[in-house]
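Predicted, not measured: the structure shown is a model, and the values here were computed from it.
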Amino acid sequence: MSRKVLIDMIKLRSAMIEDSSRDLPEALFYPSLNINGLKTIRELATFRFTCRKCEDAPCISVCPADALEKDENGVVARYTNLCVSCKSCVTICPFGTMMTDFFKHHRNKDLLFDLKDEKEMGKFVKACPVGTVAITEENESEDKNIYSLNEKVLIKDYLYITEKQ
Ligand code: SF4
Ligand code: SF4
């Protein structure tokens with residue numbers, strides 16, 4: 001069975017509220033899967049699972065740099081090469097979806113971990129706030145609020161489901 005990283009976004013948000021000055025470790029894949037520049041797993045997971053995918057997406061209309069757009073699945077994506085880190089999208093989002101530290105241009109290299117490498121996976125888990133990230137052989141499970149981001153990463157979060165869905 002393949003080992004995966006399980007990131008508990010619910011606990012991670014609480015950990016950030018408890019200590020907002022803390023620089024969180026970030027999981028990435030090298031070479032980056034994102035043609036638009038370096039993007040963290042946490043940002044990808046937030047837009048995919050935490051975001052409520054507003055129909056009129058105020059985050060997109062407020063962005064002065066046209067850096068946000070929805071993909072074919074309605075998932076918001078940020079063009080890191082256009083984003084000027086003004087954080088207007090963070091302020092206007094009625095659901096507090098985004099964490100302000102997504103928009104840092106420079107990150108501490110010692111806190112970046114490549115999840116393609118098994119050793120880095122372990123180091124990433126150790127570097128994260130206790131109980132927020134784990135190595136697992138579990139699979140996606142709606143009952144446990146666990147969803148697959150990709151072949152190496154599971155995300156635990158509360159999905160917003162509308163009556164229509
Ligand atoms: S932080 Fe970036 S993505 Fe958000 S509104 Fe500003 S330029 Fe747009
Ligand atoms: S405003 Fe917030 S919840 Fe709505 S689409 Fe944008 S990020 Fe998602």
Pair Phe95-Cys51, side-chain contact (heavy atoms from CB on, under 4.5 Å): steps then yes or no: CA-CA 8 Å; Phe95 304 106; Cys51 168; over 6 Å; no

Greater than 12 external heavy atoms within 6.0 Å of Asn73's CG: yes

Worked verdict on Phe124 versus Val5 for side-chain contact (heavy atoms from CB on, under 4.5 Å): CA-CA 9 Å; Phe124 172 61; Val5 168; 4.0 Å; yes

Residue pair Leu24 / Pro129, side-chain heavy-atom distance below 4.5 Å: yes

same_hphob_cluster(Val75, Leu149) at 4.5 Å side-chain heavy-atom cutoff: yes

Between CG on residue Asn139 and CD1 on residue Ile146, distance to nearest 0.5 Å: 9.5 Å

Cluster overlap Val153 with Ile135, hydrophobic side-chain contacts below 4.5 Å: yes

Ile17: hydrophobic cluster co-members (side-chain, 4.5 Å): none

Nearest-0.5 Å distance that lies between atom CZ in Phe49 and atom CG in Leu44: 10.0 Å

For Glu142, salt bridge (charged side-chain N to carboxylate O under 4.0 Å, His left out) partners two or more places apart: none

Ionic contact status for Glu118 with Arg3, cut-off 4.0 Å: yes

Any donor-acceptor N or O pair under 3.5 Å, side chains Thr50, Asp157: yes

Shared hydrophobic cluster for Leu154 and Tyr147 (ILVMFWY, side-chain gaps under 4.5 Å): no

For Ala15 against Thr132, the heavy-atom pair lying closest together: CB-CG2, 4.4 Å

Any Pro64 side-chain heavy atom under 4.5 Å of Cys86 side chain: yes

Straight-line distance of Leu115 CG to Lys152 NZ, nearest 0.5 Å: 8.5 Å

Check: Glu140 side chain, Ser148 main-chain N or O, donor-acceptor pair, under 3.5 Å: yes

Shared hydrophobic cluster, Ile10 / Leu159 (ILVMFWY, side-chain heavy atoms < 4.5 Å): no

Shortest non-hydrogen contact from Leu82 toward Ala67: CB-CB, 3.8 Å

Between OG1 on residue Thr46 and CE on residue Met98, distance to nearest 0.5 Å: 9.0 Å

Salt bridge present between Arg78 and Glu43 (N-O < 4.0 angstrom): yes

Hydrophobic cluster membership, Val125 vs Leu111, 4.5 Å side-chain cutoff: no

side-chain hydrogen bond (donor to acceptor under 3.5 Å, both in side chains) contacts in which one or both residues fall within residues 82-96, not counting sequence neighbours: Ser85-His105

Derivation of the side-chain contact (heavy atoms from CB on, under 4.5 Å) call for Lys123 and Asp114: CA-CA 10 Å; Lys123 286 185 192 166; Asp114 180 5; over 6 Å; no

Approximate separation, where rounding is to 0.5 Å, of Met16 CE and Met99 CE: 6.0 Å

Any residue meeting salt bridge (charged side-chain N to carboxylate O under 4.0 Å, His left out) with Arg42, in chain and number order, not counting sequence neighbours: Glu26, Asp101

Donor-acceptor pair, side chain of Lys53 and main chain of Lys70, under 3.5 angstrom: no

Glu151 backbone acceptor or donor facing Lys4 side chain under 3.5 Å: no

Close side-chain approach of Cys63 to Cys89, heavy-atom, < 4.5 Å: no

ring-ring contact (aromatic ring centres under 6.0 Å, His included) partners of Phe47, counting only residues at least two apart: none

CD1 on Ile7 to CG on Leu12, rounded to 0.5 Å: 7.5 Å

Chi angles and distances behind the side-chain contact (heavy atoms from CB on, under 4.5 Å) call for Asp56, Ser61: CA-CA 8 Å; Asp56 58 350; Ser61 28; over 6 Å; no

Partners passing ring-ring contact (aromatic ring centres under 6.0 Å, His included) against Phe103 (at least two apart in sequence or in another chain): none

